Structure formats: C-alpha cells, structure tokens
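All figures in this text were calculated on a predicted structure; none of them were measured in a lab. One-based numbering, in listed order, for ligands and for the atoms of each.
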Amino acid sequence: MAIDWYMDFVDTGYSPARDELICLYYFEPAAGIGREEAAGRIASESSTGTWTTLFSLPPRMKELQATVFEIEGNYVQIAYPLALWEEGNASQLLSGIAGNIFGMKAVKNLRLIDVTLPHAYLKHFRGPHFGMEGIRDMMKIHGRPLTGAVPKPKIGFSADEHAEIGFETWMGGFDFVKDDENLTSTSFNRFEERVRKLAKMRDKAEQLTGEHKSAFINITSDTVTMEKRASMLAEYGWNYVMIDVVVAGTSAVSTLRDHCSDLGLAIHAHRAMHAAFDRNPKHGISMQFLAKLMRLIGVSQIHTGTAVGKLTGTKKEVKLLGDVLRNSLTKASGRILLEQDWGSIKSAFPVSSGGLHPGLVPDVLDIYGTDLVLLVSGGIHGHPDGTRAGAKATMQAIDAWMEGLSLQEKALGSRELARALEKWGYYKPK
Ligand code: CAP
Ligand code: MG
C-alpha cells in the first residue's frame, strides 16, 4: 500500500490556467530523494498535501492541489489554483508559498525566486497609494532623482541635534531627511519630539528655499503604536511614514497601508533584515519577490541596493529590482524573474542607499536612471566642509550626470564637489 502521494503533484505536461499563480523555485533534493519527488513534495507541502496518503479525500482537493509543470535542472515551476488563496491576504500567500517548505528534509536547499500573480489575484490589492508620478506631483520634483540623507551616526542624536542636521541637509538641496532603521523613539530622541522639531526646521527650510521638503520618519513598533504615530505625522503636515517592513511584517504593513492611504501618507519601506533570507543564492527568498510583495501591498518605495556601495547586490540584480517596482509589465528574465502584468497597480520608487558619496553618483544613475530615490548619508555628513556642502556636492554630481559632464569637469566650477572628490574620489566601500 502506497504511503505517500507526492507524484500526484507532478505533471510536466500540464499547462497552467490563466488565473493560477506561478512560482519559480531553485531547489536541491536531499540525498536519496529524486528530483521529481522533491518537486512534488514542494508542491504538496505548499498546497493541499501532507506526508502520507489519507483514508479519505473530498473531491475538491484534486482541484486545489498545486501542480509541478516544469522541472529544469535545479529549477521548478509550480502552478497554484486561485481558489487556494484568500482575496487580498498577502500574509496567507507567504504562509503557503514561503512557509513550511523551507524546512522540509526532502530538500537540501530551497529558494523562492519569483511569483507571477494573475489579474484575478492582483485585483484584490490596492497597491501603492501614490505611484511614482503621484509622489513627484506631491513633492513638485520632476526630471531628477529624489534625494535624502540619514543623520549619521545612525542613532544617538537628541531630537534637537537631529532636527539641526535635518535643516543642514535640506539647505544643501536635498528633499528628504530619513530616520535610520534602528531609530524609533529612544530616551534621547523621542518620536513625538523629533516630529515636532523636524517640522519646525522643515517649515524654515521651505521658506528659505521655496522648495518642498519632507522626511521619512520611522514609525516601526507594534501596529497600534504605528497607527498612532502615522496619525501624528499627518497632524504635523508630513506626507510620509517610514516602516522597517521585514521587521514589522506583512500583516502590519498591510494594516498601515490602508491607514496611511486614508491620511494621504506615502510609505518609505526600509528592508533591514532582508539579507537574513535573500543573500544566500541557494536558500531563502529573493529580493525581487520581497520588492514585488511590498509593491503589491502598497509601499511607495523600497530599498533595492546600489551595486557599488557597501551592501550586497550585483548590477544586474539591482537594475532588475528597479524594473520590478517601476514597470507596468515586467518580462521574464532567465531564471531570476517571471513575467508580471501589474494591471492598475501603481508603480513604486526603487531606493538606492548604502555606502554612497558624490563620486559614486554617476555609477548609480547609470544603473537606475532618474526614477529613483537616492540616499547619500555618510557620503554627505563626512564631507570635509560639513553636511550642507556634502548635500550640495551630491546635487552637483547629479547635475553633472544629467548634463553629460564627467565629475572632474563639473568640479572645475563646483567647489563642494571638488572637495568631495579630494576626500573620496571614486572609492567603493566594502
Ligand atoms: C545607509 C543606511 C541604510 C542602508 C540600508 C545604513 O547609510 O542608512 O540603512 O543603505 O541598506 O544604515 O547603512 P550610508 P539597503 O549611506 O551612510 O551607508 O539600502 O541596501 O537596504
Ligand atoms: Mg540605515
């Protein structure tokens, strides 16, 4: 008598229906487990299966079970019937396609690479409140990257000191002042105080420059507190919140997305902790899936790397992440991206940050173009003439790229850029 039924989940002649979700995994069967059986176990454990054949099985099960329809080397594609998935529930999606399967003994390694979400599934999600155009209209910034900086060191300033550094950042020409991922509401820099004091400095900087200025202030906490903090930000005229989305979790981001949308607030998604599961090319969950998930839920922008800065991500991966967030239709690309038609789901900005300074700006813009949020933090506060000069130097480097000038040429008439190049040149931090 058969004790398991994994092969019932494998049919390489199967053609998925238009309304099925398609998942692409990288997998390595454990010793002694055949490729097809391992693939069948992934499909079974992520849909209607269990480890053994069962005494009875309602006919509905057959319609709900996932199907392995393509196995090529270490890559498997699995089709999931739409009825498996609760409308509009991104958390349940993860529990299915990114849940128990990572712990199965039947696989040595397993990595969720990408998912194609059919229109019938997408239509239950609201996506980003603003989209890139909406953000540009809100901030009155067109034709160039949006710019921002975190006061550095990343934590330790008082609210007064933080606001002062913010003012210098804005006066140097930057659009945003960003909290760092581990700054929330500490004894030396309470959230409420930072919101009030930074708002005062914002109003002063807007008056003096005539430009729109804003901030990504970190509300990360329990969900109830996050809702209260978002409401306070709206009260003080802010138009963004920042959330550490991996730390806060899919359910919390989903709740805050609607709360922030009602308040007219965009969400800046910091991805701290992502490298716990997306760095190992053989096991975990890809950054392109995380970016897709967060656009689906509705953040307005998310960090996607620099390729040339201090944190992981190759040029190809980083460029691809930009496409996942910005395009209304992404084409399949080798074994790292599946096709995705986003329908009416709005776009989101990629955010490039991490180890950047004016000397690296052209490299980053060569990868992303101008539809980008560019964050240069240590790279302005470490400028030999201070924060304001560092921001100016970065704006000059952006202008150089836009005008088709080399940084050296631009530096001839831009003192702040010349001084930045004296200190860092084109140094790529490790
Ligand atoms: C960058 C940063 C960001 C990283 C996050 C930091 O500061 O504030 O959190 O960019 O990485 O704390 O390192 P610097 P990613 O500009 O001073 O490096 O953007 O890859 O998620
Ligand atoms: Mg940071």
Side-chain angles (χ1 to χ4, degrees), residues 145-157 162 165-166 168-169 172 174-184 186 189 194 215-220 242-248 253 267-279 285-291 293-295 299-315 317-322 324-325 348-361 363-364 367-368 372-383 386-387 390-391 393-394 397-398 420 423-424 427-430:
L146 288 78
T147 54
V150 176
K152 293 282 178 177
K154 55 176 74 183
I155 191 165
F157 291 114
H162 188 105
I165 295 167
E168 286 303 301
T169 303
F174 271 23
D175 310 306
F176 297 102
V177 177
K178 173 181 171 291
D179 280 3
D180 228 335
E181 66 280 355
N182 56 343
L183 175 62
T184 50
T186 51
N189 190 337
R194 187 161 73 251
F216 309 141
I217 301 178
N218 193 358
I219 63 170
T220 303
M242 168 173 150
I243 303 174
D244 296 340
V245 291
V246 177
V247 167
V253 179
I267 299 176
H268 175 91
H270 197 294
R271 61 175 180 169
M273 195 192 276
H274 71 97
F277 52 75
D278 74 10
R279 184 168 186 176
I285 301 171
S286 75
M287 181 61 214
Q288 51 272 34
F289 174 74
L290 176 64
L293 181 74
M294 287 299 148
R295 176 178 177 183
V299 306
S300 298
Q301 51 206 55
I302 183 167
H303 289 235
T304 49
T306 64
V308 292
K310 67 184 184 186
L311 299 156
T312 56
T314 64
K315 268 194 185 150
E317 283 158 1
V318 167
K319 172 111 187 48
L320 191 105
L321 291 173
V324 167
L325 292 170
F349 272 110
V351 177
S352 189
S353 167
L356 296 179
H357 56 80
L360 296 180
V361 165
D363 296 279
V364 174
I367 295 171
Y368 283 102
L372 170 74
V373 176
L374 180 69
L375 300 181
V376 180
S377 303
I380 67 166
H381 307 306
H383 188 283
T387 296
T394 305
I398 292 171
K423 174 168 184 178
W424 292 300
Y427 169 68
K428 291 190 168 72
K430 288 282 165 293

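At under 3.5 Å, not a single nitrogen or oxygen of Val351, backbone or side chain, sits near a nitrogen or oxygen of ligand 1. Residue Val376 has no N or O atom closer than 3.5 Å to an N or O atom of ligand 1. At a 3.5 angstrom cut-off on N or O pairs, Asp180 counts as close to ligand 1. On a distance-only criterion, Gly378 and ligand 1 share at least one N/O pair closer than 3.5 Å.
For atom 12 (O) of ligand 1, the closest non-hydrogen atom of the protein is Lys154 NZ, 2.8 Å. Of all protein heavy atoms, the one lying nearest to atom 11 (O) of ligand 1 is Leu311 CD1, 2.9 Å. Nearest protein heavy-atom contact of atom 13 (O) of ligand 1 is Lys310 NZ, 2.6 Å. The closest protein non-hydrogen atom to atom 2 (C) of ligand 1 is Lys152 NZ, 3.6 Å. Closest to atom 19 (O) of ligand 1, if we only count protein heavy atoms, is His303 ND1, 2.7 Å. Atom 10 (O) of ligand 1 has as its closest protein heavy atom Ser353 OG, 2.7 Å.
For Lys154 and Glu181, the salt-bridge test passes: some basic side-chain N is under 4.0 Å from an acidic carboxylate O.
Counting atoms of ligand 1 from 1 in the listed order, those under 4.0 Å from a heavy atom of Glu181 are 9 (O), 12 (O).
In Glu181, the N, O or S atom that comes nearest to the Mg ion (ligand 2) is OE1. Counting just the N/O/S atoms of Asp180, the one with the shortest distance to the Mg ion (ligand 2) is named OD1.
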Would Asp180 and Ile155 satisfy side chain to side chain contact (heavy atoms under 4.5 Å, CB included), going step by step from the backbone distance to the final call? CA-CA 7 Å; Asp180 228 335; Ile155 191 165; over 6 Å; no
Going through the checks in order, is the side chain to side chain contact (heavy atoms under 4.5 Å, CB included) test met by His357 and Leu360? CA-CA 6 Å; His357 56 80; Leu360 296 180; 3.5 Å; yes
Start with the C-alpha distance between His162 and Phe157, add both sets of side-chain angles, then the distance that settles ring-ring contact (aromatic ring centres under 6.0 Å, His included), and finish with yes or no. CA-CA 6 Å; His162 188 105; Phe157 291 114; 7.2 Å; no
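Between the side chain of Ser352 and the backbone N or O of Gly305 there is at least one donor-acceptor pair closer than 3.5 Å. For Lys423 (side chain) and Gly382 (main-chain N/O), a donor-acceptor pair under 3.5 Å exists by modelled atom type.
Two residues are said to be in side-chain contact when any heavy atoms from C-beta on lie closer than 4.5 Å; Asp278 and Ser286 fail this criterion.
The ring of His303 has its center closer than 6.0 angstrom to the ring center of His268.
Screening Thr394, Leu375, Val376, Ile380 against Leu356 for a side-chain contact (heavy atoms from CB on, under 4.5 Å) leaves a single residue, Val376. The residue from Val351, Leu325, Leu321 that alone fulfils the side-chain contact (heavy atoms from CB on, under 4.5 Å) condition with Ile302 is Leu325.
The shell of residues lying under 4.0 angstrom from ligand 1, judged by heavy atoms, includes His270. The closest approach between Gly355 and ligand 1 falls below 4.0 Å for a heavy atom of the residue.
When the heavy atoms of Lys178, His357, Met287, Arg271 are ranked by distance to atom 20 (O) of ligand 1, first place goes to Arg271.
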